[in-house]
Protein chains: 2
Amino acid sequence: MPAGANPGRPRLSRSLVLRSAVAVADGGGIGALTMRSLADALEVKPMSIYHHVANKDEVLDGIVDIVFSEIELPAIGGEWQPGMRRRAASARAAMRRHPWAIGLVQTRTSPGPATLKHHDAVIGTLREAGFSVEMTAHAFALIDAYVYGFALSEATLPINGPETVIEVAGKMMDQSSPKDYPYLTEFSIEHVMKPGYDYGREFEFGLDLVLDGLARLHRRGIGPRHT
Amino acid sequence: MPAGANPGRPRLSRSLVLRSAVAVADGGGIGALTMRSLADALEVKPMSIYHHVANKDEVLDGIVDIVFSEIELPAIGGEWQPGMRRRAASARAAMRRHPWAIGLVQTRTSPGPATLKHHDAVIGTLREAGFSVEMTAHAFALIDAYVYGFALSEATLPINGPETVIEVAGKMMDQSSPKDYPYLTEFSIEHVMKPGYDYGREFEFGLDLVLDGLARLHRRGIGPRHT
DNA sequence: TCAATGTATCGTACTTAGTACGAAAGAGCT
DNA sequence: AGCTCTTTCGTACTAAGTACGATACATTGA
């Protein structure tokens, strides 16, 4: 089989490689993303990929940056609260579309351009809204931690949906009596297994509390009590 | 070489295997934890491990649960705020001791006994402090997201210390002018690269804000404004 | 049109890691 | 000592990342 056996396929490029990698990870989880599976998705042989990325690490860095590029940036100079709210919602949506991303963030310490642009916009929005440098640092750390932390919690949850809750509860019961975890059991029965339950709804509550708290401090220009 | 070539070594056990796995991951990162490196650490041949754990996944589940077991539990029935504060600090400390853990949490969806016990204690503390089921759900999600999110941010940061900041800044400058990220650049110079900078200090600020906000709502028995 | 040259693609093969299978070595009991 | 259960191990297969060098292709200038 000669090399040109696949004529219709467009030429490879770094961007195409990375976008395909995102698609593969979306489809089968990060574990399903191997250089070989990626090659298959691209209708190419594995080694062809290496002319566009140095190695798999670069692929992983690249797809994390793609996810960041999907997050809506707040408008620098606009109202900070709506801006933060929308970027938080957008960030969470991106993490839900690509649940593997949050787990990758931890390992990848070399941020791509989209990631940097993202941070720049958040900091800029706060600064232009009158936050001091110190207060910007506080707010940035807090909002980031909350948003990514919530995304992490959501990603950790067994695939969303009520039937999974039952599965987990089942596994819990398998190895231990409900007596070992009385509050957790009560909580599961009284809340989690109720019909309308949706963990995602908690996102708004926490975000409101965080932003309200920051707004209060911003108005007064002081920090909260330090115990 | 007969099987008994290593006489002094204590017999393997699931617990010993898992504790060694934690040590290996602490030493070289999660990437350094392979069944073979673990076997070396145990002074055993790789396949010996499989009599005590089913596979590597079980090892990973196990070490995550060990990390959870190191987190101080709040005293159910005690004051909720100091309880939450201490468990948050303790959780963060555990994540700093084992930076690989936060990245694992995302993939491991089958919680171990320590993890369940931990959740049970947190929920119990809130319930006994008079939180409604709904409010407990809010508080639980919020505190968890913040604590793990902060741990994730901290783990993502290039290894703590001032010289690393310079490295990162250097890489940033390499591929792009400071003009592309003006606010980020200003922020780095004005804040991050200042002598006394310590990202970890932000933890207290956010935690205070979160707990204060929850306390306020708990006192009034209502939710924050919903936009 | 065709050869020259740089680029893209690929085949082969080496290495590391997880682990299936069954054998061998201990350990405890009779 | 002999039996049996438990623990440890040797061998080997498979999947995955990727080094190396070869081959095919596209572009360009004559």
Side-chain angles (χ1 to χ4, degrees), chain A residues 1-64 100 103-104 107-108 110, chain B residues 1-64 100 103-104 107-108 110:
Chain A
M1 182 202 290
N6 205 338
R9 176 177 46 70
R11 290 267 282 280
L12 244 44
S13 70
R14 180 187 167 84
S15 159
L16 179 59
V17 166
L18 294 180
R19 278 180 291 123
S20 292
V22 169
V24 171
D26 286 347
I30 196 66
L33 176 62
T34 70
M35 295 305 270
R36 292 165 209 263
S37 68
L38 178 53
D40 283 348
L42 290 162
E43 295 180 278
V44 158
K45 295 302 155 75
M47 289 313 291
S48 304
I49 299 172
Y50 287 88
H51 255 264
H52 301 90
V53 294
N55 50 39
K56 189 174 180 181
D57 266 11
E58 209 174 285
V59 172
L60 296 179
D61 283 337
I63 62 178
V64 167
W100 42 266
L104 276 189
T107 327
R108 324 272 101 214
S110 47
Chain B
M1 181 202 289
N6 205 336
R9 176 176 47 71
R11 290 267 281 279
L12 245 43
S13 70
R14 179 188 168 84
S15 159
L16 179 58
V17 166
L18 294 181
R19 278 181 291 122
S20 293
V22 168
V24 172
D26 284 347
I30 196 67
L33 177 61
T34 70
M35 295 305 271
R36 293 167 209 262
S37 68
L38 178 53
D40 283 349
L42 289 162
E43 295 180 278
V44 157
K45 295 300 154 78
M47 291 312 292
S48 305
I49 298 172
Y50 287 89
H51 256 265
H52 301 90
V53 295
N55 49 39
K56 188 175 179 179
D57 266 11
E58 209 174 285
V59 173
L60 297 179
D61 284 337
I63 62 178
V64 167
W100 41 266
L104 275 189
T107 328
R108 325 272 99 216
S110 47

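Quick note on labels: first sequence line is chain A, next is B, and so on, each numbered from 1.
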Is the closest side-chain heavy-atom distance between A:His52 and A:Leu18 below 4.5 Å?
no

A:Thr107 and B:Trp100, any side-chain heavy atoms less than 4.5 Å apart:
no

Heavy atom of residues 12-28 of chain B under 4.0 Å from DNA chain D: which residues?
B:Leu12

Using a cut-off of 4.0 Å between protein heavy atoms and nucleotide atoms, how would you tag nucleotides 13-20 of chain D 5' to 3' with B, S and -?
---BBBBB

For B:Lys45 and B:Arg36, indicate whether the former's side chain and the latter's backbone hold a donor-acceptor pair under 3.5 Å.
no

With a cut-off of less than 4.0 Å, is there a side-chain N or O of B:His52 near OP1 or OP2 of D:dT8?
yes

How many whole angstroms separate atom CZ of B:Arg11 from atom C1' of C:dA25?
12 Å

Identify the two heavy atoms, one from A:Val59 and one from A:Ala21, that lie closest to each other, and give their separation to 0.1 Å.
CG1-CB, 3.8 Å

Report yes if a side-chain nitrogen or oxygen of A:Ser48 is closer than 4.0 Å to either non-bridging phosphate oxygen (OP1 or OP2) of C:dC10; otherwise report no.
yes

Could you tell me whether the side chain of B:Ser20 and the main chain of B:Leu16 form a donor-acceptor pair under 3.5 Å?
yes

Quick one: salt bridge (charged side-chain N to carboxylate O under 4.0 Å, His left out) pairs with a partner in residues 11-22 of chain A, sequence neighbours left out?
A:Arg14-A:Glu58

Rounded distance (Å) that lies between atom C1' of D:dT7 and atom CD of B:Glu43:
17 Å

Please test B:Leu38 against B:Lys56 for side-chain contact (heavy atoms from CB on, under 4.5 Å), starting from the C-alpha separation and ending with a verdict.
CA-CA 10 Å; B:Leu38 178 53; B:Lys56 188 175 179 179; over 6 Å; no

Check B:Ser37 against B:Ala32 and note the closest heavy-atom contact, atom names and distance.
OG-O, 2.7 Å

Can a donor-acceptor pair under 3.5 Å be found between the side-chain atoms of A:His51 and the base atoms of C:dT9?
yes

For A:Lys45 and C:dA13, what is the distance between atoms NZ and C1' respectively, to the nearest whole Å?
16 Å

